[in-house]
Amino acid sequence: MRIRFLLFIFLLTAIIYTWMQAQTEQVVRRAAQGKVINQDELVSFNADVPYSKAIQSLGELSKKIDGKLLIDKSPLQGKDKTIGINIESMFWKDALELILRSNQLWYNDYPEYIEIVSLEDIGKQLGEQAQKESASKNAPPTQSVIPSSSAPATPVVVDSSDYYAKLREVSISSVFFDVNKSKLAESGVSFSIFRGKGLNLQMNVTGASKVTKEAFSAEVQPILPNQAVSIDAAISMFESEQYGDVIARPQITVRSGTSQMIQIGQDFSVFEKDFSGNTTQKFYPTGTILTVRPKIYKVGDMEFIDVQYKVEQSSFTSSTVTTVINRNMASGSLTLLNGEEGYIGGMYSNDELFLREGVPLLKDLPWWVFGLRYLFGYDSKKIVKRELIILIKAEILPTLEERAVKQHAEQKLIQDIQQDMEKDLKKNKDQEKMQ
């Protein structure tokens, strides 16, 4: 009986400790709120993992995901110390904050890098900043709330309404167009994309004289062998003649300076072990993937957008031994004016088709019918070459302030119209009473 009681106490203590640990982790899951978290953005650490090793791993994730270097200027740099806290499947930035809080550290987030410093250095920086602001305003210095070593560290609360009100957004419209290059070559048709009038793209279509009438549908009938048409008309023509297919037409809104991903495909998972020995399930995205990072620049009165992109077309094959990812990838940048179109091409892939060729009916007979299928038919392998073309259009959207001014003006216009209608109504009623 006594052994059962002790076992119950031990299990209850373990459950309470696990619950308290989970509550401690949930307090700082601030960075992951409102964001779709991928499996490769989650980390797990044991409490005995060296601090330098954990910071090195988090620095690699910071560089890969946010494009920022993680610079450690804390007193713990180079010292033999563990992180002292267990972390299991936590968003990497939340894990970074939890490790820093547990070791009385914090960080400064700059556009190009993240700097880890001690709480004392944070206090000095905030004090200097407060003194500069008070000196410029001829006012006594204000006190800043700094996380102290004797109390739980809390981030400084900043009112960011003014910052978000002036943020610029970019609308990215894209078209994923898959072209059957083999069928185009068989029909004697070739094309090229070039900059047309204004900010739009056009396509230069060339058809062989013997198959021109068959190649083009009634939607676009070029009189000359070399005919320039708009991109939309060319896509409609290619689809009607089964020369290509539109895979998707996604449209997203991205803040200037941030990245967004569009995926058309599926994720697959493999079981891996991290350096702590924990078995984790890691997901890899495959299919057609487009990642864009637009940033708005202004030179004089001219505004333009630098669109950094990464295009991937991939698939996977798995077996009992290993998993292979077949991947075509391209990355670069487009410099576009407001409302201008650009394109990404050259993403080629080959599809193998196994066909039965020969005399109709006879080629498909069973083998036991006198072996006629071998006399009148044969198996053939056909390679279909395809090209993925991605069209991108970028448009700068008004800020919140500009939209608010426009909305206010529209509301005022509606109110003025209503007042005029009420005045006319009242005037008509007065005239009727006088009659």
I'd like to know whether E97 forms a side chain to side chain contact (heavy atoms under 4.5 Å, CB included) with Y107, so could you lay out the CA-CA distance, the side-chain angles of the two residues, the decisive distance to 0.1 Å, and finally the verdict.
CA-CA 8 Å; E97 294 186 359; Y107 65 92; 2.7 Å; yes

Evaluate the salt bridge (Lys or Arg N to Asp or Glu O under 4.0 Å) criterion for residues D379 and R356: first the C-alpha distance (whole Å), next the side-chain angles of each, then the deciding distance (0.1 Å), finally the verdict.
CA-CA 5 Å; D379 295 327; R356 181 72 182 167; 3.0 Å; yes

Please step through side chain to side chain contact (heavy atoms under 4.5 Å, CB included) for the pair I172 and I262, ending with a clear verdict.
CA-CA 11 Å; I172 302 292; I262 303 172; 5.8 Å; no

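For K63, the salt bridge (Lys or Arg N to Asp or Glu O under 4.0 Å) criterion is met by no residue, not counting sequence neighbours. Partners of K181 by salt bridge (Lys or Arg N to Asp or Glu O under 4.0 Å), not counting sequence neighbours, listed by chain and number: E387. Residues that satisfy the salt bridge (Lys or Arg N to Asp or Glu O under 4.0 Å) test with D48, not counting sequence neighbours, are absent from this structure.
Judged by the 6.0 Å and 45° rule, K385 forms a cation-pi pair with Y348.
Looking only at distances, no side-chain donor or acceptor of N328 sits under 3.5 Å from a matching main-chain atom of M347. Between the R168 side chain and the I396 main chain, no donor and acceptor come within less than 3.5 Å of each other. Of the possible donor and acceptor atoms, one in the side chain of N86 sits under 3.5 Å from a partner among the backbone N and O of A47. Under a 3.5 Å cut-off, the side chain of D245 and the backbone N or O of I247 do not form any donor-acceptor pair. Side-chain atoms of E402 come within 3.5 Å of backbone atoms of T399 as a donor-acceptor pair (strictly under, hydrogens ignored). Remark: side-chain polar atoms of S240 are paired, donor with acceptor, to backbone N or O of S236 under 3.5 angstrom. Between the S174 side chain and the P250 main chain, a donor and an acceptor come within less than 3.5 Å of each other.
Using a 4.5 Å heavy-atom cutoff, the side chains of V311 and F176 are not in contact. Between V49 and I87 the shortest side-chain heavy-atom distance does not fall below 4.5 Å. No side-chain heavy atom of I71 sits less than 4.5 Å from a side-chain heavy atom of Y110. Two residues are said to be in side-chain contact when any heavy atoms from C-beta on lie closer than 4.5 Å; V359 and L361 fail this criterion. No side-chain heavy atom of E41 sits under 4.5 Å from any side-chain heavy atom of L61. Using a 4.5 Å cut-off on side-chain heavy atoms (C-beta onward), N180 and Q242 make no contact. By the 4.5 Å heavy-atom criterion applied to side chains, F177 and L391 are not counted as neighbours. With contacts defined as side-chain heavy-atom distances shorter than 4.5 Å, the pair E340/L334 does not qualify.
Here the CG-CD distance, from L336 to E395, works out to 11.0 Å after rounding to the nearest 0.5 Å. How far CD1 of I114 is from CG of D72: 12.0 Å, rounded to the nearest 0.5 Å. Distance CD1/I83 to NZ/K53: 13.0 Å, rounded to 0.5 Å. Atom CG in L290 sits 5.5 Å away from atom CD1 in I390 (nearest 0.5 Å).
Note on residues 291-300: no pairs pass side chain to side chain donor-acceptor pair (under 3.5 Å), not counting sequence neighbours. Listed by first and then second residue, the side chain to side chain donor-acceptor pair (under 3.5 Å) pairs involving residues 249-266 are S171-Q251, Q263-D267 (not counting sequence neighbours). Sorted by first and then second residue, the pairs that involve residues 309-326 and meet salt bridge (Lys or Arg N to Asp or Glu O under 4.0 Å), not counting sequence neighbours, are E312-R327.
For CE of M302, the number of neighbouring non-hydrogen atoms (other residues, nucleotides, ligands) closer than 6.0 Å is greater than 12.
In summary, the side chains of T323 and Y284 do not present any donor paired with an acceptor at a separation below 3.5 Å, with no hydrogens or angles considered.
P285 and S314 make their closest contact through O-OG, 4.1 Å (heavy atoms, listed as atom of the first residue, atom of the second, distance).
Using a 30° and 60° split on the angle between ring planes, F268 and F316 fall in the parallel class, below 30°.
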